[in-house]
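To keep things clear, I will list the structure first and then write my remarks on it.
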Amino acid sequence: MKLDNADLELLLLIRHFERALLELFEAGQLNGTTHTCLGQEYIPVALRTLLAEEDYVFSNHRGHGHYLARFGEPHGLLAEIMGREGAVCHGVGGSQHILRDRYLSTGVQGESMPVAVGAALHLKRTGSTGLAAVFVGDGTWGEGSVYEALNMAALWQVPLLVLVENNGIAQSTPTTTQLAGSIADRAAAFGVRHHLVRFQDLDEIRTVLGPSIARVREAGEPLVVEFLTSRVGPHSKGDDTRPAEEVERAAARDWYRRYAAAIPDRFGACDKRQRELVEQIVHEVASRPLSTWDERCLSPNA
Amino acid sequence: MKLDNADLELLLLIRHFERALLELFEAGQLNGTTHTCLGQEYIPVALRTLLAEEDYVFSNHRGHGHYLARFGEPHGLLAEIMGREGAVCHGVGGSQHILRDRYLSTGVQGESMPVAVGAALHLKRTGSTGLAAVFVGDGTWGEGSVYEALNMAALWQVPLLVLVENNGIAQSTPTTTQLAGSIADRAAAFGVRHHLVRFQDLDEIRTVLGPSIARVREAGEPLVVEFLTSRVGPHSKGDDTRPAEEVERAAARDWYRRYAAAIPDRFGACDKRQRELVEQIVHEVASRPLSTWDERCLSPNA
Amino acid sequence: MPVTERVVENLNHALHGLFERDGSVYLLGEDIKDPYGGAFKVTRGLSERYGDRVLATPLSEGGIVGVAAGLALTGDKAIVEIMFGDFIALAFDQILNFASKSVSMYGRRVPLRLVVRCPTGGNRGYGPTHSQSPQKHFVGIPGLSLYELSPFHENDAVLERMFRSAEPCVLFEDKVLYTRRMYRDGVVDDLFRFDYADPDREFARVHIGDPDDADVVLIAPGGLVDRALAAMRGLLLDQEITCQLVVPSRLYPFDPDPLLPMLAAAGRVCVIEESTAGGTWGSEIAQAVHSRLWGKLAAPVRLVHSADSVIPSAAHLERDVLVQSDTIYHAVQEMFVG
Amino acid sequence: MPVTERVVENLNHALHGLFERDGSVYLLGEDIKDPYGGAFKVTRGLSERYGDRVLATPLSEGGIVGVAAGLALTGDKAIVEIMFGDFIALAFDQILNFASKSVSMYGRRVPLRLVVRCPTGGNRGYGPTHSQSPQKHFVGIPGLSLYELSPFHENDAVLERMFRSAEPCVLFEDKVLYTRRMYRDGVVDDLFRFDYADPDREFARVHIGDPDDADVVLIAPGGLVDRALAAMRGLLLDQEITCQLVVPSRLYPFDPDPLLPMLAAAGRVCVIEESTAGGTWGSEIAQAVHSRLWGKLAAPVRLVHSADSVIPSAAHLERDVLVQSDTIYHAVQEMFVG
Ligand SMILES: Cc1ncc(C[n+]2csc(CCOP(=O)(O)OP(=O)(O)O)c2C)c(N)n1
Ligand SMILES: Cc1ncc(C[n+]2csc(CCOP(=O)(O)OP(=O)(O)O)c2C)c(N)n1
Ligand SMILES: [Mg+2]
Ligand SMILES: [Mg+2]
């Protein structure tokens with residue numbers, strides 16, 4: 001099996017990061033909420049080599065994997081979620097509101113789509129080869145903002161890359177009952193290209209998407225990439241009301257199981273390493289003092 | 001030429017009603033704004049026999065033709081626009097906010113689409129064979145609410161009939177620069193049927209749409225009908241910035257010219273009759289006292 | 001004291017009762033169906049019993065409110081659950097420009113029975129876009145009334161009243177209240193008792209001993225009750241300041257007249273809400289009180305609200321931004337120093 | 001008096017100047033391109049000269065504000081024209097939950113240079129959905145400042161100031177003001193003179209003779225200036241009541257401190273705005289004044305606003321609902337009777 005070591009490490013880093021969060025919640029050591037990307041880790045990992053530093057990335061509620069794949073650095077994110085010193089947003093944003101360099105996430109579904117069009121417009125006008133990538137779930141296609149954004153992106157031909165993580169569900173609602181037609185046809189409705197990615201193999205994904213994404217950069221043509229994927233964990237924490245068979249069906253597609261079976265030795269060693277690494281990080285971050293934030297954020301009206 | 005007398009009368013009633021409004025504005029006898037449907041009158045006239053009293057009709061800013069085709073009664077509408085006694089909404093709504101029985105118009109584009117889905121849902125649940133028809137322009141497809149509504153209509157299979165008056169322009173903006181892809185594809189994106197109507201012949205329109213609209217009623221299947229049409233007048237009043245050739249191209253498609261040429265005698269007589277009728281009505285309504293409204297509308301919070 | 005039902009149960013039962021009694025009631029919202037039963041479990045059991053009138057919707061807050069308004073236009077009664085109150089911003093146009101306006105903009109009163117339910121508030125670590133108290137943005141919309149969930153107001157009566165008004169209403173529900181218990185039989189705790197200041201039970205009134213004898217009257221919506229009570233206890237025991245608390249069911253329109261004798265007698269009034277600073281509901285109440293009781297107050301109406309800030313995720317930061325019982329304690333204490 | 005430019009020209013020139021000086025400025029809106037030049041002609045000539053930075057958009061108010069916020073995030077400066085201010089309701093989420101929040105919710109200040117221009121107000125017969133004054137709904141959003149067009153405030157300075165703040169701003173533009181003329185050189189008309197109450201020219205101040213000698217101070221945003229002046233003239237000539245008028249450029253945040261001596265000296269304050277009743281901007285101002293000048297006012301701050309109603313289309317009905325000069329006249333007169 002062809003699988004780059006760096007990729008495997010990253011996959012497992014995200015997996016153990018997410019698992020650790022769920023454990024911390026269960027132990028009552030975290031408050032608020034979190035949305036783990038268990039089962040979907042391979043998507044940002046595959047995209048890692050296709051995105052560039054000059055690209056803007058707009059993430060959503062389920063964004064830890066997107067962040068870790070971009071920055072490879074879990075301390076700041078964990079500190080953010082735990083409200084500790086070194087938090088990438090001083091603990092103000094928490095799990096779903098993160099800004100770092102050209103990476104931004106926020107918690108209102110669909111809101112980032114037009115914002116990403118604005119960033120893409122800037123890139124186009126400044127002659128950059130960068131693009132604006134925006135992650136959305138299948139459920140988010142219920143929001144009107146998605147269509148307002150697609151329309152403008154297509155009219156103005158800006159380098160917008162929409163990355164759809166279609167995990168067949170929105171919180172508790174199956175996609176079949178919240179999405180009429182298909183995402184492919186919704187892209188087509190605006191004359192926007194669409195790619196369906198059914199497989200999870202990183203190389204295959206990269207090979208297929210490489211030229212398409214290059215065209216986003218070069219021709220400023222928007223593109224929708226739809227990943228058919230599976231949410232292996234709960235929506236947030238302990239709120240999985242899917243029937244057991246369905247959860248098992250999702251788990252059966254999990255890359256984690258498949259890799260564990262396919263490359264047991266390499267996988268086992270790496271798995272252990274990353275699990276321990278995350279344990280250490282949790283330990284270290286948990287012992288930090290509480291975060292403080294920029295005073296000028298209070299009464300922000302200038 | 002096959003043209004029912006009642007249809008011709010209605011067409012010309014609307015035409016002269018709209019012309020009279022523009023004249024009244026020019027003479028400074030009206031304030032506010034108005035959007036005439038000059039050139040598009042045949043659409044509601046054709047639909048007249050396809051819609052039933054139990055149907056809800058949601059109109060928009062360009063709604064005088066929709067109203068007159070439904071009620072055949074210009075006095076209340078003119079009184080509304082002039083703020084005179086007998087005004088269908090006491091002068092409060094004015095040109096673009098009308099409610100009468102199951103006919104409603106309002107002035108924020110796109111807002112009525114989900115509202116119409118609600119009315120259609122009610123019809124379906126009460127076992128009625130009525131439908132909810134909603135008129136929108138091509139430009140209104142910029143609004144996200146249109147897609148939120150289409151999605152729900154398709155998911156729930158409610159009897160929603162979307163009537164698109166695609167006149168190639170939104171206020172001053174050509175459709176090509178505000179609408180990417182096509183309306184046909186936008187309906188398809190939600191698995192909603194779409195009919196394109198290029199011709200203006202009333203019988204032809206009725207023949208083609210009859211069975212499709214029947215299916216909306218019987219099967220509760222939403223449908224989008226797109227009329228390729230031409231705005232012969234200004235957007236509102238005196239604000240037509242289109243190049244003269246373009247205005248002439250629109251005028252060349254005007255049913256008014258074509259009928260005048262095809263059936264000169266019948267047309268001429270009817271035209272004169274309706275012009276005079278409208279003149280009389282303007283005269284009569286203008287002499288009425290000012291409208292008054294329901295006191296309970298002030299401080300409406302119960 | 002017998003253990004009373006939780007506020008979320010009271011609301012859930014009220015919804016069940018409504019569906020049971022009235023076949024024209026619809027409920028729309030995201031993830032409201034069983035077994036999930038809504039993000040805060042308010043709608044539990046409804047879809048199982050009344051499946052065809054309980055619609056789990058796509059993520060389309062604006063659209064859902066529009067659909068509900070369409071149902072209401074046809075004569076049905078429609079309830080919408082907005083998963084987090086913050087997302088009501090997406091339905092602002094439908095509420096301001098369609099539903100509320102339709103009540104009167106056609107020159108006559110058009111009945112429109114629509115309730116938008118809106119879980120609000122912070123102190124749960126949900127972060128800046130999931131913790132707001134957006135009440136203030138909806139004050140002063142002709143045709144729209146605003147209510148707030150309270151442990152003193154029976155939800156079946158509140159729902160009944162909203163539909164009786166035949167106009168759109170927003171019901172704000174402070175999330176921290178769901179798991180609290182309803183107060184019954186005039187008893188709050190070992191110290192405080194409650195009654196109602198008016199026959200319609202619009203204003204619940206919490207007091208100690210004589211309801212007409214207080215140093216200051218606090219006015220606060222339901223979500224603030226716990227925090228206000230804790231402050232009142234401390235003020236009484238540490239400072240010998242006797243507070244009376246008034247909890248309205250309806251936030252807007254707000255008719256202060258039944259309260260004026262109490263307010264004048266105390267001479268000091270403090271309005272408490274969780275909203276962040278600026279243009280708050282409280283300033284509307286204050287203006288009404290100032291103009292009616294001019295010359296009869298010992299101090300200007302004091303507003304207590306959260307800081308002028310977004311609401312941080314981390315518990316220690318969030319705590320500092322939001323109104324807490326000590327915020328109330330200190331504000332009231334200050335009224336007796338200055 | 002030399003004839004000065006119209007307010008719409010002043011704004012148009014300011015926009016031209018901005019585009020000329022700064023290559024990072026974008027303008028987005030519906031029908032803003034030449035030859036149409038926007039529904040109210042504010043953007044005339046811009047697309048011809050700066051075509052690639054002037055984008056005529058589809059009808060997508062929410063989306064446009066989002067796109068503009070995206071541009072602003074990258075460091076550009078973005079201006080959005082909402083064709084009628086009423087439609088800003090469609091962008092409420094983008095303004096409240098994205099643009100304003102992004103300034104501070106990432107734990108540090110993020111510059112976001114975004115101006116949303118919003119033609120507001122009635123008295124033009126446009127009807128209920130095209131005549132509103134939605135200012136009040138935007139008061140108290142952390143990270144968002146509100147400005148209003150005024151015949152006393154040069155728009156190049158106002159635009160400059162908004163962008164300097166590096167945070168999202170809404171500029172409300174009363175439509176009736178566009179065709180009025182700017183006031184210059186301290187002269188209003190035969191009766192009234194003006195100056196500024198502060199060195200930053202935040203507060204324009206209209207008076208007759210001695211600026212420190214007035215019976216009452218009126219505070220009103222730019223759109224009300226004509227109506228206020230007409231009332232002031234009548235009050236002076238018929239009633240011998242001397243009014244002073246203060247016109248702020250920024251509505252929110254509103255710092256009343258520079259005005260306190262004037263307000264205290266007059267002892268009577270009246271806040272005027274076109275908004276319909278309830279939760280108005282004026283109640284925010286009143287609360288600030290009451291708490292700062294407690295015991296120093298002869299009467300409670302008087303609020304003057306439109307009726308609690310939708311805004312009818314017919315001129316005779318609309319006139320009765322909206323604030324007119326006689327509404328102001330009578331309200332001020334009453335302050336001296338009661
Ligand atoms: C505007 C808005 N509505 C509702 C929510 C609450 N919510 C958060 S995630 C979610 C489901 C999203 O589903 P999908 O887009 O498929 O993403 P997934 O969670 O499956 O990754 C919902 C309803 C939200 N955050 N924003
Ligand atoms: C939400 C909203 N945005 C903008 C407007 C202003 N407006 C009125 S009609 C119109 C153009 C509509 O174009 P289209 O839908 O094609 O209808 P047409 O006027 O061509 O019949 C615009 C921009 C509005 N009424 N509502
Ligand atoms: Mg999903
Ligand atoms: Mg059009």
Side-chain angles (χ1 to χ4, degrees), chain B residues 56 58 80 87-94 97-100 102 104-108 110-126 128 130 132 134 143-156 158 160 291-302, chain C residues 23-24 26 28 52-53 55-76 78 90-91 93-94 96-112 114 140-146 161-162 164-169 250 252-254:
Chain B
Y56 285 91
F58 293 89
E80 182 62 34
V88 62
C89 296
H90 304 262
V92 179
H97 314 90
I98 305 278
L99 177 65
R100 178 170 170 186
R102 294 189 168 196
L104 180 146
S105 70
T106 186
V108 181
E111 215 178 44
S112 302
M113 282 279 299
V115 176
V117 173
L121 185 60
H122 168 86
L123 292 168
K124 179 183 174 142
R125 291 295 156 89
T126 51
S128 157
V134 53
E143 297 290 349
S145 55
V146 171
Y147 306 93
E148 299 191 358
L150 277 182
N151 192 34
M152 289 187 274
L155 285 168
W156 302 336
V158 295
L160 176 76
S291 66
T292 52
W293 64 322
D294 189 331
E295 282 274 304
R296 292 170 311 144
C297 288
L298 278 160
S299 293
N301 301 68
Chain C
S24 72
Y26 284 80
L28 297 96
D52 57 330
R53 292 186 279 133
L55 288 101
T57 67
L59 278 82
S60 310
E61 287 76 8
I64 302 167
V65 173
V67 171
L71 284 166
L73 257 187
T74 70
D76 287 333
L90 287 157
D93 176 67
Q94 283 287 350
L96 172 72
N97 285 328
F98 187 79
S100 311
K101 283 216 169 33
S102 295
V103 171
S104 62
M105 82 166 167
Y106 298 108
R108 56 193 184 276
R109 275 197 80 91
V110 173
L112 221 122
L114 168 65
I141 296 181
L144 184 74
S145 291
L146 311 180
R161 178 177 175 196
M162 292 191 284
R164 209 176 336 110
S165 77
E167 73 183 17
C169 300
R250 189 172 71 178
Y252 186 83
F254 186 93

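Chain naming here is simple, since letters A, B, ... match the order of the sequence lines and numbering starts at 1 in each.
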About how many Å separate [atom2] of [Y] and [atom1] of [X], when rounded to the nearest 0.5 Å?
X	Y	atom1	atom2	value
B:Thr106	C:Phe98	OG1	CZ	6.5 Å
C:Ile64	B:Met152	CD1	CE	6.0 Å
C:Tyr26	B:Leu121	OH	CG	5.5 Å

For the interface with chain B, which of [options] has the highest count of heavy-atom pairs at distances below 4.5 Å?
options	answer
C:Gly62, C:Gly143, C:Ala69	C:Gly143
C:Leu73, C:Val103, C:Leu55	C:Leu55
C:Leu28, C:Asp93, C:Leu144	C:Asp93

Side chain / backbone / both / neither for [X] at chain B, heavy atoms under 4.5 Å:
X	value
C:Val110	side chain
C:Pro142	both
C:Thr57	both
C:Arg164	neither
C:Ile141	backbone

Proximity breakdown for [X] and chain C, heavy-atom pairs closer than 4.5 Å:
X	result
B:Ala119	both
B:Leu123	neither
B:Tyr147	neither
B:Leu298	neither
B:Ser128	neither
B:Arg100	backbone

Please report the closest heavy-atom contact between [X] and [Y], naming both atoms and the distance.
X	Y	result
B:Glu148	C:Gly63	OE1-N, 2.7 Å
B:Trp293	C:Ser104	CZ3-O, 4.1 Å
C:Arg109	B:Cys297	N-SG, 4.0 Å

message: As a quick check of understanding, evaluate side-chain contact (heavy atoms from CB on, under 4.5 Å) for C:Tyr106 and B:Val88, giving each step before the final call.
response: CA-CA 8 Å; C:Tyr106 298 108; B:Val88 62; over 6 Å; no
Flag, side chain of C:Arg108 to backbone of B:His90, donor-acceptor distance under 3.5 Å: no
task: Could you tell me whether the side chain of C:Gln94 and the main chain of B:Glu111 form a donor-acceptor pair under 3.5 Å?
output: yes
query: Of the listed residues (B:Leu155, B:Val92, B:Asp294, B:Val115), which shares the most heavy-atom pairs with chain C below a 4.5 Å separation?
result: B:Val115
- prompt: Top residue by heavy-atom pair count (under 4.5 Å) with chain C, among B:Glu80, B:Met113, B:His122?
  reply: B:His122
